[in-house]
There are 2 protein chains.
Amino acid sequence: MANDPLRKERILDAALTVIAEHGVHRTTHRRIAEAAGVPLGSLTYHFDSLETILTEAFRRLGESMSAHYDAVLRGAADRSGAIDAVTDLICGETYATPRELTLINEMYAYGNHHDDVGELGRQWLERSWASLALHFTPPACRALDALIEGWTIHQFVERKPLDRALVHTTVTVVAEGVR
Amino acid sequence: MANDPLRKERILDAALTVIAEHGVHRTTHRRIAEAAGVPLGSLTYHFDSLETILTEAFRRLGESMSAHYDAVLRGAADRSGAIDAVTDLICGETYATPRELTLINEMYAYGNHHDDVGELGRQWLERSWASLALHFTPPACRALDALIEGWTIHQFVERKPLDRALVHTTVTVVAEGVR
DNA sequence: TCCAAGTGCGTACGAACGTACACACTTGGG
DNA sequence: CCCAAGTGTGTACGTTCGTACGCACTTGGA
């Protein structure tokens, strides 16, 4: 298939699908190629190595998640709305999907052993912080960001739905109490 | 070497070392054997498969961390001491070492694709919760546990030291404000 | 002392991997 | 229409992996 500009993106999305389903430790050229519906040779043609594919895939993940994160917080009119927005980010079904949470975990884990991906994780934190800073003080941003991260992970590990009222209360006391 | 009862434990510790250094995705029989200073055949003799080694190693990790977690919280005399203890768990150099944090990340990531390890993660959360319950209300336990988890991870991804005063304030606010 | 029973390991094999590369195919200027 | 230049792919190679297994070695009862 000549001149397919979407080919690279399709491969990266397939890579994320494979990572989410099997984990980085079982992500291979062949599995990605099958998931993307492209020949094996196409991967080595478009990307230097498997490392490159993983790195680019995680970059794509970070960008799309940051965008969503930012959109949700920008949509909040005032402080109270921002607290609702943060509660949504933790409990919501659009951000904290199993796929995204699995991928975030994989990114952190892989980033601990791969500098470029580690840097992506740091950028992702920085952008989250910037989005929160639209509504909260710097210290509150740090605390809220930690809370979001920890709670979404717990929610996923536990596989139980969250108590939304409790989340809302906690977000509120942190937002108001930490200065 | 006949009748070496510490052999299995040594292999599991070596497995954790390899996981912490290289990640699960590059953890192999041969690397573990080298790290443990035992022959390759010794691994297949003592363990059914690599999966089994990883699972047992993560189980060992969870037990030792839970024990530390519990000891720190049991050592707190009152509520104020417990708040200090939680602050220590987040900022401290004994619990939140790079090695432990890397391993926790690896365990969560691997647990998403392996039921037995996923169950270990759930047990680890439950025991953390039980330790916290010595001093705080159930809702506060949930919130604090999420905060600990998120903040230790952030600390590690960012590779920057934490603001202890901020952590202490946040813990206090959550412990007092969430009922 | 001797020898079965059990313990532990060196080695080898098939499978799956990442990657290279020769080659088919498409394309656009002449 | 033609053919060089460029685009994309099927295949094969060397490496590394998990695992099996024959065999050496240790041990304890007779």
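Since this is a predicted model, take the numbers as computed values, not measurements. Below, read A as the first sequence line, B as the second, and so on, with proteins coming before strands; counting in each chain starts at 1.
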Using rotation axes that map the C1' atoms of four end pairs onto the next four (five pairs an end), what angle separates the end axes of the helix from dT1(C)-dA30(D) to dG30(C)-dC1(D), to 10°? 10°
Quick one: do the S49(A) and T52(A) side chains pair a donor with an acceptor below 3.5 Å? yes
Check each of R60(B), R99(B), R7(B), K8(B) against D13(B) using the salt bridge (Lys or Arg N to Asp or Glu O under 4.0 Å) test, and report the only one that passes. R60(B)
Could you list the residues that satisfy ring-ring contact (aromatic ring centres under 6.0 Å, His included) with W124(B), not counting sequence neighbours? Y69(B)
Starting from F156(B) and following side-chain heavy-atom contacts under 4.5 Å between hydrophobic residues (I, L, V, M, F, W, Y), which residues can be reached? L101(B)
Separation of L43(A) atom CG from dT11(D) atom P, in whole Å? 16 Å
Side-chain donor/acceptor pairs under 3.5 Å, residues 165-178 of chain B, sequence neighbours excluded:
residue, atom, partner, partner atom, Å
H168(B), NE2, D84(B), OD1, 2.8
T169(B), OG1, A165(B), O, 2.9
T170(B), OG1, L166(B), O, 2.8
T172(B), OG1, H168(B), O, 2.7
E176(B), OE1, R179(B), NH2, 3.3
E176(B), OE2, R79(B), NE, 3.1

Respond yes when some side-chain nitrogen or oxygen of R26(B) is under 4.0 Å from OP1 or OP2 of dC17(C), and no when none is. no
If we ignore hydrogens and angles and just use 3.5 Å, is the side chain of S42(A) paired with the main-chain N or O of V38(A) as donor and acceptor? no
From CZ of F47(A) across to C1' of dT9(D) the rounded distance in Å is 16 Å
Can you list, by chain and residue number, the hydrophobic cluster partners of W129(A) when the side-chain cut-off is 4.5 Å? none
Under 3.5 Å, is there a donor-acceptor pair linking the side chains of E106(B) and Y110(A)? no
Heavy-atom protein contacts under 4.0 Å, nucleotides 12-22 of chain D, coded B base, S sugar-phosphate only, - none: B----BBB---
Round to the nearest Å and state the distance from H46(A) atom NE2 to dG6(D) atom C1'. 13 Å
